[in-house]
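Single-structure report; data block below.
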Amino acid sequence: MNDPSSLQNKKKRIVILTYGSRGDVEPFVALGHQLILEGYSVCLVAPKPFAAFANKYGLEFSAIESDPDELGQMFANQAGTNWVKMISSMAQHVMPIARNAFQTIKSASQGADLIIHSFLLTDAGHTLALQQSIPEISAQFFPVFLPTGAFPAVALPDLPLGKMFRRGMHTFNTGMFKNGARFTYKKLRKTAPELPELAPWLFSGPVENQPPILFAYSQYVLPNPDDWPANAHVTGYWPLPIPETWSPPIDLKKILDEGPAPIYFGPGSMRSEKLHVLLEMVIAAARKLGKRVVLGVASDEIPTPLKGKDLISAKGVPHRWLFPQMSYIMHHGGSGTSGAAVASGVPNSAIPFSVDQSFWAKRLFQLRVGPAAPSAKRITQRDLERIIQDGLENSDYRHQAGIISEKMKKEDGIGAAIRIINGQFQD
């Protein structure tokens with residue numbers, strides 16, 4: 001991927017700001033790793049539990065002292081697929097950590113040549129970039145901040161009222177996020193007056209004054225709308241390469257080799273208070289249909305009375321290796337996991353726990369790569385039995401998943417992102 005433009009920028013320092021679960025961090029580790037190979041110096045600012053993960057791939061790391069799992073639990077248990085409750089949960093989680101988090105971000109960004117910021121750190125990243133006259137890029141894993149009539153806004157109803165209604169709903173979504181975050185920050189400044197006022201919203205005013213915004217998903221999963229501005233780029237997904245030294249667990253390899261392809265279920269980083277009930281229903285439904293199950297959870301999360309030779313834990317196993325060996329995939333609908341599932345060419349459905357996951361769940365059904373599924377809060381064992389059977393027996397799902405998978409193989413999401421990043425350093 002090296003080219004003259006990237007080599008000219010050797011040792012330029014890029015600071016990446018992200019907050020959330022592994023799904024919010026891993027794509028940036030993948031991007032940062034490749035940027036290092038291109039000759040850049042990269043610092044990732046993210047929750048403290050991901051320090052070793054980032055260091056493993058050569059990234060400098062600056063820790064936000066927090067527990068991101070707490071936010072995931074709030075999304076799963078309190079917010080669900082309700083956007084307003086999601087904003088409220090974010091505010092509730094962020095308030096106690098925001099002061100120290102801002103100072104961490106400010107310290108890490110000193111001397112940076114470029115700041116890349118994502119969803120929850122958009123305002124902070126933009127404010128610091130303007131204060132220090134540092135170029136910036138916004139990077140997102142679902143469509144947000146830019147209105148369009150091409151598809152519905154995340155977590156809002158898609159009524160048959162035309163493109164103007166859809167654009168209005170996108171604008172409403174952005175307003176809820178922006179105003180909710182700024183109200184929380186204003187409250188914080190009353191107790192921390194040393195914090196600066198937030199800069200004006202970055203995606204207002206003339207487009208030529210706005211930073212690039214990268215959407216790290218495939219155009220074959222969600223095309224780049226015709227009515228988005230020129231600074232919007234759908235790059236493709238940013239998958240993390242499987243380390244050359246990695247090998248699959250022996251017991252997992254054995255179960256894959258000893259019979260027909262199993263089904264997969266994984267909740268990602270979501271840890272709902274009802275997760276154990278959901279696992280019990282998935283296992284019961286699969287056994288009723290005579291199917292073996294690979295579970296994307298740790299072994300100790302599988303209820304002991306349900307363990308058996310037809311179940312195996314695959315926690316931490318790379319999806320790019322695992323998913324193509326499944327017969328049907330049920331996942332939580334996170335952006336990266338959805339991308340890996342579609343890229344595998346295997347029929348799949350999302351059982352969403354929270355807002356953006358619900359968006360991708362509906363999109364996968366629209367693509368006809370798998371049957372629709374209720375949310376994790378509402379799904380029943382009977383639903384699971386029906387969904388699994390349909391996912392396995394309907395050949396149209398596999399055919400369509402195969403078509404999209406072949407198209408996605410031609411994409412290089414990280415390469416596309418780096419070309420845009422390189423462009424920020426050219427006169």
Identify every side-chain donor-acceptor pair in residues 366-373 under 3.5 Å, counting partners at least two apart or on other chains, and give the distances.
residue: Gln366; atom: OE1; partner: Arg363; partner atom: NH1; Å: 3.1

Is there a ring pair (Phe, Tyr, Trp, His ring centres under 6.0 Å) between Phe141 and Trp360 once you walk through the steps? CA-CA 11 Å; Phe141 302 133; Trp360 292 121; over 10 Å; no
Checking side chain to side chain donor-acceptor pair (under 3.5 Å) for the pair Ser118/Thr18: CA distance, chi angles, key distance, verdict? CA-CA 5 Å; Ser118 65; Thr18 188; 3.2 Å; yes
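Here Glu385 does not pair with Arg382 in a salt bridge; the nearest charged N to carboxylate O distance is not below 4.0 Å. Using a cutoff of 4.0 Å between basic side-chain nitrogens and carboxylate oxygens, Arg13 and Glu60 are scored as salt-bridged. Between Asp390 and Arg386, none of the side-chain N atoms (NZ, or NE/NH1/NH2) sits under 4.0 Å from a carboxylate O, so this pair counts as no salt bridge. Looking at Lys291 and Asp310, no side-chain N of the basic residue comes within less than 4.0 Å of a carboxylate O on the acidic one, giving no salt bridge.
Counting heavy atoms from C-beta on, the side chains of Tyr217 and Gln140 never come closer than 4.5 Å.
Atom CD1 of Ile250 has 12 or fewer heavy atoms from other residues, nucleotides or ligands within 6.0 Å. With a 6.0 Å radius and a threshold of 12 heavy atoms from other residues, nucleotides or ligands, Lys254 has its NZ atom at or below the threshold.
With Tyr264 as the fixed residue, the side chain to side chain contact (heavy atoms under 4.5 Å, CB included) test singles out one of His319, Gln325, Met330: His319. Just one residue in the list Leu202, Thr127, Val144 forms a side chain to side chain contact (heavy atoms under 4.5 Å, CB included) with Thr122, and that residue is Leu202. When each of Phe53, Trp238, Tyr57, Tyr40 is paired with His33, the ring-ring contact (aromatic ring centres under 6.0 Å, His included) condition holds for Tyr57 and for no other.
A distance of 6.0 Å or more separates the ring centres of Phe61 and Phe50. You'll find the ring centres of Phe151 and His170 inside the 6.0 Å limit. For an aromatic pair to be called close, the ring centres must be under 6.0 Å apart, and Phe142 with Phe119 satisfies this.
The aromatic rings of Trp228 and Phe215 sit parallel, their planes meeting at an angle under 30°, below the 60° perpendicular limit.
Applying the side-chain contact (heavy atoms from CB on, under 4.5 Å) criterion to Ala361, with sequence neighbours excluded, gives Ala350, Pro352.
Here the straight-line distance linking atom CG of Leu35 with atom NZ of Lys12 works out to 14.0 Å at 0.5 Å rounding.
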